[in-house]
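Read through the structure below, which is laid out as structure tokens, and then see the notes.
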Amino acid sequence: MPALANPRWERFALALFAGLDGKTRIERAQSTAYLTAYPDCKPGNSAESAASQLLRRIKPITERVRELQAEQSAKIQKKIDLSRERVGRRLDLASQMAERQENPNGIATAELGIAKVFHHIKDDNDTNHIDFNSAQSMTDIGRKLLQAVGFKEPDDVSIQAAIEANDAFIERLEAIRDAQRPTIEQ
């Protein structure tokens, strides 16, 4: 989306975007951004009310701010590429260099790094890892069950649902076992 056709709307959108990084509440306020675009407006309630009305009525302003945020995010992502693929390529390069130099310690370090990046080796220092053997409560077990399927930070409601699902699963397994007991004992 290019700059907004109305120059005041564009100034307002840019000021809103700039205010997102503001250190104080005043710097982040919609009214401050509105006063940047419309300096003749009275500060305070008038500017706050006008800013609120403008944001409700003119949807392209909000879309423009989101676009500016996306552009900023893309620039940051380009500056710091910490993707698994990039890190994996770099570690592979380090492994190849260590091999050319006949440096077994370098090879081992790079290969262990590759395994960690691609989750083939669990780091013992990983504080988010909850081992079922070290679980102290059903909450720990519910959290681990959800994390095992990719739910990184489960909330209490989800953990409770996981505990209930686990209980139902255990009951079903016990029913299967109990159905087979008479057959096994005969």
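Atoms considered below: every heavy atom in the structure, side chains included; atoms not considered: hydrogens, waters and symmetry mates.
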Derivation of the side chain to side chain contact (heavy atoms under 4.5 Å, CB included) call for Leu145 and Ile159:
CA-CA 9 Å; Leu145 287 168; Ile159 291 171; over 6 Å; no

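- The line from CD of Glu63 to CD of Glu67 is 9.5 Å long, rounded to the nearest 0.5 Å.
- Atom CD1 of residue Ile163 and atom CE of residue Met138 lie 5.5 Å apart, to the nearest 0.5 angstrom.
- In this structure the side chain of Gln160 never reaches within 4.5 angstrom of the side chain of Thr139, judged on heavy atoms.
- In this structure, Leu20 is a member of the same hydrophobic cluster as Leu54, with clusters built from ILVMFWY side-chain heavy atoms closer than 4.5 Å.
- The environment of Glu99 atom CD is sparse: at most 12 non-hydrogen atoms of other residues, nucleotides or ligands sit within 6.0 angstrom.
- For the atom pair CD of Glu48 and CD of Gln53, the computed distance is 11.0 Å after rounding to the nearest 0.5 Å.
- In terms of the side chain to side chain contact (heavy atoms under 4.5 Å, CB included) criterion, residue partners of Thr62 (sequence neighbours excluded) are, by chain and number, Leu55, Arg66.
- Clustering of Ile, Leu, Val, Met, Phe, Trp and Tyr by side-chain heavy atoms under 4.5 Å joins Ile176 with none of the others.
- The side chain to side chain donor-acceptor pair (under 3.5 Å) check on Asp167 picks up nothing, with sequence neighbours excluded.
- Contacts of Glu174 classified as side chain to side chain contact (heavy atoms under 4.5 Å, CB included), with partners at least two apart in sequence or in another chain: Ile170, Arg177.
- Atoms CG and CD, from Leu68 and Glu71 in turn, are 5.5 Å apart once rounded to the nearest 0.5 Å.
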Identify every side-chain donor-acceptor pair in residues 4-16 under 3.5 Å, counting partners at least two apart or on other chains, and give the distances.
{"unit_1": "Asn6", "atom_1": "OD1", "unit_2": "Arg8", "atom_2": "N", "d": "2.9"}
{"unit_1": "Asn6", "atom_1": "OD1", "unit_2": "Trp9", "atom_2": "N", "d": "3.4"}
{"unit_1": "Glu10", "atom_1": "OE1", "unit_2": "Leu4", "atom_2": "N", "d": "2.8"}
{"unit_1": "Glu10", "atom_1": "OE1", "unit_2": "Arg64", "atom_2": "NE", "d": "3.1"}
{"unit_1": "Glu10", "atom_1": "OE2", "unit_2": "Arg64", "atom_2": "NE", "d": "3.1"}
{"unit_1": "Glu10", "atom_1": "OE2", "unit_2": "Arg64", "atom_2": "NH2", "d": "2.8"}

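- Arg56 pairs by the side chain to side chain donor-acceptor pair (under 3.5 Å) definition with Ser52, not counting sequence neighbours.
- Listed by chain and residue number, nothing satisfies the side chain to side chain contact (heavy atoms under 4.5 Å, CB included) test with Thr109 (two or more places apart in sequence, or in another chain).
- Partners of Gln96 by side chain to side chain donor-acceptor pair (under 3.5 Å), not counting sequence neighbours, listed by chain and number: Asp92.
- Scanning for ring pair (Phe, Tyr, Trp, His ring centres under 6.0 Å) contacts around Tyr38 gives Tyr34, with sequence neighbours left out.
- For the residue pair Ser31 and Ala51, the shortest heavy atom distance occurs at N-CB, 4.3 Å.
- Atom CD of Gln30 sits about 10.5 Å away from atom OG of Ser49, to the nearest 0.5 Å.
- Judged as a side chain to side chain contact (heavy atoms under 4.5 Å, CB included), and not counting sequence neighbours, the contacts of Phe151 are Leu146, Pro154, Asp155, Ser158.
- Note: Ile114 CD1 to Arg89 CZ = 12.0 Å, rounded to the nearest 0.5 Å.
- The side chain to side chain donor-acceptor pair (under 3.5 Å) test applied to Ser95 returns Glu111, not counting sequence neighbours.
- Judged by distance alone, the side chain of Asp140 and the main-chain N or O of Gln136 form a donor-acceptor pair under 3.5 Å.
- No side-chain heavy atom of Val87 sits under 4.5 Å from any side-chain heavy atom of Arg84.
- Contact between Ala98 and Gly106 at its shortest, heavy atoms only, is CB-C, 3.5 Å.
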